[in-house]
Amino acid sequence: MPLDPGTVHRYTMLERAVKSLVKQGRFDDSLKLLEEMFSIAPEDAGLSKLKARFAADLIKQAAQAQKISAATSLVELVDKKVPAAHLGAQEKDLLAKAKADLYSL
């Protein structure tokens with residue numbers, strides 16, 4: 001069953017807000033928005049895959065910006081909020097690589 005337009009719009013707006021904060025280097029401030037974003041439609045496997053890809057990119061950006069605590073919090077958030085059963089091999093690989101990059105610092 002496809003997501004309703006309101007849910008899609010809410011997710012998109014939160015994603016834009018997070019990207020804006022990250023662009024400014026405010027990774028810690030983005031965590032609350034990310035938590036809200038990850039709580040949207042947890043039963044939707046397609047959206048879970050998008051969340052995982054987005055999170056992997058953010059973890060990598062935070063690690064590169066030396067925001068280790070924010071990246072670690074994001075890893076914990078992804079593990080808690082995104083069901084592993086919804087993820088495909090590509091998403092699992094992206095997350096594993098992002099975590100490896102973070103923990104290698």
Side-chain angles (χ1 to χ4, degrees):
M1 183 165 108
L3 295 173
D4 67 277
T7 302
V8 173
H9 178 72
R10 185 169 155 229
Y11 178 84
T12 304
M13 298 314 293
L14 285 168
E15 184 177 41
R16 285 182 186 166
V18 168
K19 285 180 180 180
S20 176
L21 289 172
V22 166
K23 189 181 277 188
Q24 298 170 20
R26 297 170 54 194
F27 289 91
D28 293 323
D29 296 338
S30 70
L31 290 174
K32 184 172 178 153
L33 293 176
L34 283 165
E35 189 167 344
E36 183 179 345
M37 191 171 106
F38 286 176
S39 67
I40 295 173
E43 71 285 345
D44 187 88
L47 193 56
S48 293
K49 289 179 181 182
L50 287 175
K51 292 174 189 175
R53 290 183 198 136
F54 186 64
D57 185 49
L58 288 180
I59 292 166
K60 189 174 183 179
Q61 288 180 39
Q64 289 172 348
Q66 297 295 312
K67 303 289 185 173
I68 307 305
S69 64
T72 304
S73 296
L74 182 53
V75 167
E76 293 169 1
L77 185 64
V78 169
D79 290 343
K80 184 172 76 172
K81 296 277 189 174
V82 178
H86 290 179
L87 304 180
Q90 182 181 12
E91 290 79 23
K92 288 179 182 177
D93 289 344
L94 287 172
L95 284 171
K97 185 172 184 202
K99 289 176 185 179
D101 290 346
L102 171 63
Y103 297 136
S104 70
L105 294 177

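Since we're looking at a predicted model, the values are computed, not measured.
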**Report entry** Path from Leu21 to Met13 over hydrophobic side-chain contacts below 4.5 Å
**Finding:** no
Report task. Test Arg53 against Glu91 for side chain to side chain contact (heavy atoms under 4.5 Å, CB included), laying out the working first. Result -> CA-CA 6 Å; Arg53 290 183 198 136; Glu91 290 79 23; 2.5 Å; yes
**Report entry** Nearest non-hydrogen partners of Ala98 and Ala56, listed with the distance
**Finding:** CB-O, 3.6 Å
Query raised in the report: For the residue pair Ala71 and Ala62, what are the closest heavy atoms and their distance?
Result: CB-CB, 3.7 Å
Query raised in the report: Are Leu94 and Leu58 connected in a single hydrophobic cluster, I mean Ile/Leu/Val/Met/Phe/Trp/Tyr linked by side-chain heavy atoms less than 4.5 Å apart?
Result: no
Query raised in the report: CG of Asp4 to CZ of Arg10: how many Å apart, nearest 0.5 Å?
Result: 10.0 Å
Report task. Check the hydrophobic clustering (I, L, V, M, F, W, Y; side-chain heavy atoms under 4.5 Å; chains of links allowed) and say if Leu95 and Leu74 are grouped together. Result -> yes
Report summary line: Here the gap from Ser30 atom OG to Lys19 atom NZ, rounded to the nearest 0.5 Å, amounts to 13.0 Å
Requested in this report: Could you tell me which non-hydrogen atom of Val78 sits nearest to which non-hydrogen atom of Phe38, and how far apart they are?
Outcome: CG2-CE1, 3.6 Å
Query raised in the report: In Å, rounded to the nearest 0.5 Å, how long is the span from CD of Gln61 to NZ of Lys23?
Result: 10.0 Å
Query raised in the report: At what distance, to the nearest 0.5 angstrom, does CG of Leu47 lie from NE2 of His86?
Result: 10.5 Å
**Report entry** Exercise: identify the closest heavy-atom pair between Phe54 and Leu34
**Finding:** CE2-CD2, 3.8 Å
Query - Validation row: Lys81, Ser39 side chains within 4.5 angstrom (heavy atoms) - result: yes
Query - Derivation and outcome, side chain to side chain contact (heavy atoms under 4.5 Å, CB included), residues Tyr103 and Val75 - result: CA-CA 11 Å; Tyr103 297 136; Val75 167; 3.6 Å; yes
Query - Beyond-backbone contact of Asp93 with Lys97, side-chain heavy atoms, under 4.5 angstrom - result: no
Report task. Say whether Met37 and Leu31 are linked into one hydrophobic cluster, either directly or through other cluster members, by side-chain heavy-atom distances under 4.5 angstrom. Result -> yes
**Report entry** Heavy-atom pair of closest approach, residues Asp28 and Ser69
**Finding:** OD1-OG, 4.0 Å
Query raised in the report: So, does Lys51 use its side chain to make a donor-acceptor pair with the main chain of Ile40 at under 3.5 Å?
Result: yes
**Report entry** Other residues, nucleotides, ligands: >12 heavy atoms within 6.0 Å of Lys99 NZ
**Finding:** yes
Query - Which atom of Ala84 lies closest to which atom of Lys92, heavy atoms considered - result: O-CE, 3.6 Å
Report task. Supply the atom-to-atom distance Asp44 CG to Lys49 NZ, rounded to the nearest 0.5 angstrom. Result -> 10.0 Å
Requested in this report: Check whether any side-chain heavy atom of Ser20 lies under 4.5 Å from a side-chain heavy atom of Gln24, and answer yes or no.
Outcome: yes
